[in-house]
Protein chains: 2
Amino acid sequence: MNLTEAKQQFISSWGAFGTHWGINKTMAQIHALLMVSPDPLTQDDVMEQLTISRGNVNMNIRDLIDWGLVDRMIIPGERKEYFTAEKDIWKVATQIVKERKKRELDPLLKLLAQLENIEGDKKDKAIKQFTDTIAGIKKFGSQADKMLDLMIKADANWFLGSLIKIFK
Amino acid sequence: MNLTEAKQQFISSWGAFGTHWGINKTMAQIHALLMVSPDPLTQDDVMEQLTISRGNVNMNIRDLIDWGLVDRMIIPGERKEYFTAEKDIWKVATQIVKERKKRELDPLLKLLAQLENIEGDKKDKAIKQFTDTIAGIKKFGSQADKMLDLMIKADANWFLGSLIKIFK
DNA sequence: TTTTATTTTCAAAATATTTTGAAAATTCAA
DNA sequence: TTGAATTTTCAAAATATTTTGAAAATAAAA
């Protein structure tokens, strides 16, 4: 397989992968393209390589910047803006974990805390089932939260190394 | 807050949570409803409680069964089918991890293995950037894969306990 | 300032996904 | 068997999301 085909496959597959994770296909594809591009690209480069419209590129790059996965670069003497993606996958992963934790897990845990104390007879079957389930999810979520915080702070080698050593 | 309000909030919030993870809202809501219901429910119960159509309930329950998150129950003497959800959140989490690994991570790793050896001069900047990125993702993915396998096999207390102890 | 290049916005169009509901299929009891 | 209850299917409708492209805004050069 040559480079062009391989790139194409990777971009398309990363896009499909993204859709299973609540990320739109184009955003994931732009991310993939920037990850395998040795040099920064302009909006026009992305438009051309993925054959998508200017507005689409612009909006999705903005989102990627919000996610902290893409950086805007100014090249002295050049009028256009350039964009690069973080290429160290550990950094990409921790950045995604950080953002999703903030956007999804933290609010969920906050809600669960509120739902834990409801009015009524604790002996009642329906109330017991509800509070037990909520408490279980909250406990699990809090532990996951702690672990993810550690991951975010940790260094790749240390974190993965520790896990492998422990679980081998 | 009373039980009815709390249930409502949980169902709606679990549904919203699901949509960030590539799961459709209704499927996540049915799952939530079954998790907090002390007794098994019929399709009609679900239709009524979530005010959605019969076809919708049927299709989504089928998906939940495919995911291994809901079980069909036959109650002797009853004509209708009943459904229950696993309520132990650790089991829910490992089941989801197991399925997503199979459906998403495993195929991705397989593709990356193919993309690792491409034709051309390894010194070429574009080729180097591509192979390095792919290799990085593959290595990270493989380690995650191993860890998730361990999680699937492990017991909740042991797994989370070990992690907490190690990283505390 | 005026002109030109570039980026951003956003309403409308295109596409994709979800939901409905009635018909078909299935299951079970009589 | 037959018939009633229940489940399943799936085309069409409703909704939601994504994409386009041209106009407006912004930034840099002349």
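Computation of the quantities below employed the complete heavy-atom set of this structure, encompassing side-chain atoms and omitting hydrogens, waters and symmetry-equivalent molecules. In what follows, chains carry the letters A, B, and so on, assigned in the order in which the sequence lines appear, proteins first and then strands, with residues in each chain numbered from 1.
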Restricting to salt bridge (charged side-chain N to carboxylate O under 4.0 Å, His left out), what partner residues turn up for A:D44, sequence neighbours left out?
A:R54, A:K80
Is a side-chain donor-acceptor pair under 3.5 Å present for A:Q8 with A:T4?
no
Residue-level proximity of residues 68-77 of chain A to DNA chain C when a heavy atom falls under 4.0 Å
A:R72
Could you identify which residues of residues 32-50 of chain B place a heavy atom less than 4.0 Å from some atom of DNA chain C, listed by residue number, or say none?
none
Ordered by number, residues from residues 9-17 of chain A within less than 4.0 Å of DNA chain D (heavy atoms) are none
Output the distance between atom OG1 (B:T26) and atom CG (B:N56), rounded to the nearest 0.5 Å.
5.0 Å
Nearest-angstrom distance from the residue atom CD of B:E81 to C1' of C:dT26
11 Å
Set of salt bridge (charged side-chain N to carboxylate O under 4.0 Å, His left out) partners for B:E81, sequence neighbours left out:
B:R72
Distances under 3.5 Å between protein N/O atoms and the N/O atoms of nucleotides 16-20 of chain C, please, pair by pair.
from: C:dT19; atom 1: OP1; to: B:T26; atom 2: OG1; distance (Å): 2.7
from: C:dT19; atom 1: OP2; to: B:T26; atom 2: OG1; distance (Å): 3.0
from: C:dT19; atom 1: O5'; to: B:N56; atom 2: ND2; distance (Å): 3.4
from: C:dT20; atom 1: OP2; to: B:S53; atom 2: N; distance (Å): 2.7
from: C:dT20; atom 1: OP2; to: B:S53; atom 2: OG; distance (Å): 3.0
from: C:dT20; atom 1: OP2; to: B:N56; atom 2: ND2; distance (Å): 3.2

Identify, with sequence neighbours excluded, every residue that meets side chain to side chain contact (heavy atoms under 4.5 Å, CB included) alongside B:S12.
none
Quick one: list whatever passes salt bridge (charged side-chain N to carboxylate O under 4.0 Å, His left out) with B:D149, sequence neighbours left out.
B:K101
In whole Å, I'd like the distance from the CG atom of B:N58 to the P atom of C:dT26.
14 Å
What integer distance in Å separates A:K80:NZ from C:dA5:P?
11 Å
Can you name the salt bridge (charged side-chain N to carboxylate O under 4.0 Å, His left out) partners of B:R103, sequence neighbours left out?
B:E99
Say whether A:L33 and A:I65 are linked into one hydrophobic cluster, either directly or through other cluster members, by side-chain heavy-atom distances under 4.5 angstrom.
yes
Less than 4.0 Å between a side-chain N and a carboxylate O, is that true for B:D106 and B:K102?
no
Atom CD of A:E78 and atom P of D:dA28: how far apart are they, to the nearest Å?
14 Å
Side-chain donor-acceptor distances from residues 109-126 of chain B under 3.5 Å, at least two apart:
from: B:E116; atom 1: OE1; to: B:K138; atom 2: NZ; distance (Å): 3.2
from: B:E119; atom 1: OE2; to: A:M1; atom 2: N; distance (Å): 3.3
from: B:D121; atom 1: OD1; to: B:K123; atom 2: N; distance (Å): 2.9
from: B:D124; atom 1: OD2; to: B:A126; atom 2: N; distance (Å): 3.1
from: B:D124; atom 1: OD2; to: B:I127; atom 2: N; distance (Å): 3.1
from: B:K125; atom 1: NZ; to: A:D39; atom 2: OD1; distance (Å): 2.6

Distance criterion of 3.5 Å, no angle test: do you see the side chain of A:R62 paired donor-to-acceptor with the base of C:dT8?
no
Residues which pass side chain to side chain contact (heavy atoms under 4.5 Å, CB included) with A:E104, listed by chain and number, not counting sequence neighbours:
A:R100, B:F17, B:H20, B:W21
Pairs satisfying salt bridge (charged side-chain N to carboxylate O under 4.0 Å, His left out), at least one member in residues 6-33 of chain A, at least two apart:
none
Give, for atom NZ of A:K139 and atom CD1 of B:I89, the distance between the pair rounded to the nearest 0.5 Å.
12.5 Å
